> 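Okay, here's the structure, questions in a sec.
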Amino acid sequence: MVRLRELRDEFDLKIRSFEEFGFSRGIINNIELQVSNPDNEKIEIFCNIFDVSSDYFLGLSDEGIYAYYNDIKYSLDRNDFFDYKKLDYIKYDGRKRLLVVPDRKEVITKLSSIPAIKIIDKE
């Protein structure tokens, strides 16, 4: 659960900050120290807090850090995210990452390796 610590650092969240989400300090410590693994419900809460995919949070993928560009949510991979952060293209609005691109740059989209689907009722 190295990524929990990284994400906490990114958003400057202290362990006690998670009490508002129903997590005790002991739970956060145990997860970060890999003494215990979070269940699916906790993983979903962490992913919502940090706006990342569960695969990214669990370290199964380097894709899945979400950022907004022109009010549209995009997925960034870990390397691009850290590169953009160094270049100061990543800004924050609370826990929402915003991608701010200089005028001289162009943004292109690419297909994700994991397509998203949504299941809806039949008409």
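Remember, predicted model here, so these are calculated numbers, not experimental data.
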> What pairs of residues pass the ring-ring contact (aromatic ring centres under 6.0 Å, His included) test when at least one of them lies in residues 75-104, not counting sequence neighbours?
Phe11-Tyr92
> Sequence neighbours left out, what passes side-chain hydrogen bond (donor to acceptor under 3.5 Å, both in side chains) with Arg16? Give chain and number order.
none
> Going from OG on Ser53 to CG on Leu58, what distance comes out if it is rounded to the nearest 0.5 angstrom?
8.5 Å
> Do Phe50 and Leu13 have side chains that approach each other closer than 4.5 Å (heavy atoms only, starting at C-beta)?
yes
> Taking Asp88 first and then Lys91, would you say they form a salt bridge - that is, a charged N and a carboxylate O separated by under 4.0 Å?
yes
> Before you tell me yes or no, could you show the steps for Arg95 and Asp51 under side-chain contact (heavy atoms from CB on, under 4.5 Å), namely the whole-Å CA-CA distance, both residues' side-chain angles and the distance that decides it to 0.1 Å?
CA-CA 8 Å; Arg95 285 192 307 270; Asp51 207 9; over 6 Å; no
> Looking at Glu63, Arg3, Arg97, which one forms a side-chain contact (heavy atoms from CB on, under 4.5 Å) with Val52?
Arg97
> Kindly indicate whether the side chain of Cys47, heavy atoms from C-beta on, has any atom under 4.5 Å from the side chain of Ile43.
yes
> Once you round to the nearest 0.5 Å, how far does CG of Leu4 lie from CD of Gln34?
10.5 Å
> Does the side chain of Ser36 come within less than 4.5 Å of Ile31's, by heavy atoms?
yes
> Below 4.5 Å, heavy atoms only, C-beta onward: do Tyr56 and Ser61 meet side chain to side chain?
no
> Please determine whether residues Leu98 and Val101 belong to a single hydrophobic cluster, defined as Ile, Leu, Val, Met, Phe, Trp and Tyr linked transitively by side-chain heavy-atom distances below 4.5 Å.
no
> Under a single-linkage definition using a 4.5 Å side-chain heavy-atom cutoff for Ile, Leu, Val, Met, Phe, Trp and Tyr, are Ile65 and Tyr68 assigned to the same hydrophobic cluster?
no
> Could you go step by step and tell me if Leu7 and Phe46 meet the side-chain contact (heavy atoms from CB on, under 4.5 Å) rule?
CA-CA 10 Å; Leu7 291 162; Phe46 285 125; over 6 Å; no
> Which residues pass the side chain to side chain contact (heavy atoms under 4.5 Å, CB included) test with Asn29, not counting sequence neighbours?
Ile15
> Any sub-3.5 Å donor-acceptor pair from Asp77's side-chain atoms to Asp80's backbone N or O?
yes
> Check this for me: does any side-chain nitrogen of one of Asp71 and Lys73 sit under 4.0 Å from a carboxylate oxygen of the other?
no
> Within the structure provided, determine whether Phe18 and Arg25 are in side-chain contact (heavy-atom separation under 4.5 Å).
no
> Mark yes when over 12 heavy atoms from residues, nucleotides or ligands other than Glu19 sit less than 6.0 Å from its CD; otherwise mark no.
yes
> Flag yes if Ile72 and Tyr66 sit in one hydrophobic cluster, no otherwise; membership is Ile, Leu, Val, Met, Phe, Trp, Tyr, and two members link when side-chain heavy atoms are under 4.5 Å apart.
no
> Decide side-chain contact (heavy atoms from CB on, under 4.5 Å) for Ile90 and Val100; before the verdict, give the C-alpha distance in whole Å, the side-chain angles of both, and the deciding distance to 0.1 Å.
CA-CA 6 Å; Ile90 303 289; Val100 179; over 6 Å; no
> Cation over ring, Lys42 on Phe23, under 6.0 Å and within 45°?
no
> Mind checking whether Asn79 and Asp62 have side chains closer than 4.5 Å, heavy atoms only?
no
> Atom CG in Asn30, atom OG in Ser24: separation rounded to 0.5 Å?
7.5 Å
